[in-house]
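Remember, it's 1-based here, ligands and their atoms both numbered in the order they're listed. Note that this is a predicted model, so its numbers are computed, not measured.
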Amino acid sequence: MAVRKLAPEDIQPDSFTFSSENMTFVAQQIAKYPQGRQASAVIPLLWRAQEQAGGWLPRKAIEKVAELLDMPQIRVMEVATFYTMFNLEPVGKYFIQLCGTTPCALRGAGDIRQVLERRVGEQNHVTEDGIFSWLEVECLGACCNAPMVQINDDYYEDLTTENFEKLLDDLAAGRPVKKGSQVGRRSSEPQGGPQTLTDPALFDGSQIGAWRKRFEEEATSAAAVQEAAAATTSAPSTPKPGKPEAGRVVETEKADTPAKRVKEGEAPVPPTERREASDKSKATAVDARTENKAEPAPHSDKSYVATPSKPEAGRPTADAPADKNNKS
Ligand code: FES
């Protein structure tokens with residue numbers, strides 16, 4: 001975006017005063033806001049000043065708006081230089097804003113730009129006859145009809161180099177011109193008229209029964225296909241046996257018990273050997289280092305040592321028999 005600054009001093013007018021008609025407008029705008037909030041009317045007042053000054057805002061017009069709204073001049077200057085809707089330099093009788101954003105660029109805005117550069121000159125330059133000036137701007141919201149330009153307050157869309165050259169010729173000659181689409185389409189409807197939903201039967205109700213019948217036929221044939229597929233699919237001749245653990249509790253012997261060892265054919269230990277085994281005087285000395293490395297005996301997580309009852313648990317114990325008569 002170009003630097004936005006006020007026009008050179010040599011083209012600035014010496015004064016600016018709103019016309020009586022525009023002063024009425026100014027009073028109406030200020031009256032819309034509570035006392036002390038009249039600064040809210042700054043944009044409509046600047047816009048009306050621009051219209052009266054011929055399409056741009058001289059320094060004196062900005063100062064006049066500040067005076068009428070009791071605002072510091074710099075605050076009004078900030079608004080005028082921020083919004084691109086305000087022109088800070090003179091423009092032509094026909095001020096052309098060319099949209100250069102992507103949709104318009106893809107549809108030929110570059111060609112329109114070349115026409116402007118050839119016929120009008122650089123941006124922000126007014127032709128010698130004062131008829132034209134132009135500026136490239138961002139999307140103007142008519143992308144469906146790209147490429148397009150805004151000339152003063154009106155849009156001209158669906159431009160080609162040919163119809164745009166003719167448009168400039170007609171404006172320069174003072175001939176009437178057609179606003180909007182230059183190829184004859186209305187709003188943003190498809191070029192050449194409607195392209196879809198053109199069958200009148202869609203709207204007279206005659207198609208509804210036909211569609212329902214077709215849905216029913218399709219549903220019936222689909223069901224028949226499924227039935228035939230099910231009939232041809234035979235069950236397996238040798239069903240797979242169910243897994244033992246499939247939903248049943250299976251008993252397995254996992255503990256290494258004397259009864260299990262006898263069952264497996266191992267001879268039971270004779271009582272004499274059992275007694276000798278428990279005699280510590282006949283026990284074989286085992287190195288403590290190797291004893292610790294011995295295979296741990298099978299054990300259960302359950303503890304078979306009875307947990308003594310707590311006297312305070314409300315039950316009598318061997319150490320503290322309950323004394324029903326002693327309530328102290
Ligand atoms: S991109 Fe040109 S009008 Fe939106």
- Does a side-chain N-to-carboxylate-O contact under 4.0 Å join Lys178 and Asp154? no
- Sum of protein N, O or S atoms, each under 2.8 Å from atom 4 (Fe) of ligand 1: 2
- Has Arg175 got more than 12 heavy atoms of other residues, nucleotides or ligands less than 6.0 Å from its CZ? yes
- Other than Phe203, what residues sit in its cluster of Ile, Leu, Val, Met, Phe, Trp and Tyr side chains whose heavy atoms are under 4.5 Å apart, directly or through others? Leu197, Leu202
- Item | Counterpart residues, ring pair (Phe, Tyr, Trp, His ring centres under 6.0 Å), relative to Phe16 (two or more places apart) | Phe18
- Gap separating the SG atom of Cys143 from the CD atom of Glu157, nearest 0.5 angstrom: 10.0 Å
- Give me the other members of the hydrophobic cluster that Val177 sits in, counting Ile, Leu, Val, Met, Phe, Trp and Tyr linked by side-chain heavy atoms under 4.5 Å, directly or via other members. Tyr94, Ile96, Leu98, Ile112, Val115, Leu116, Val120, Ile131, Phe132, Trp134, Val149, Ile151, Tyr156, Leu159, Phe164, Leu167, Leu168, Leu171
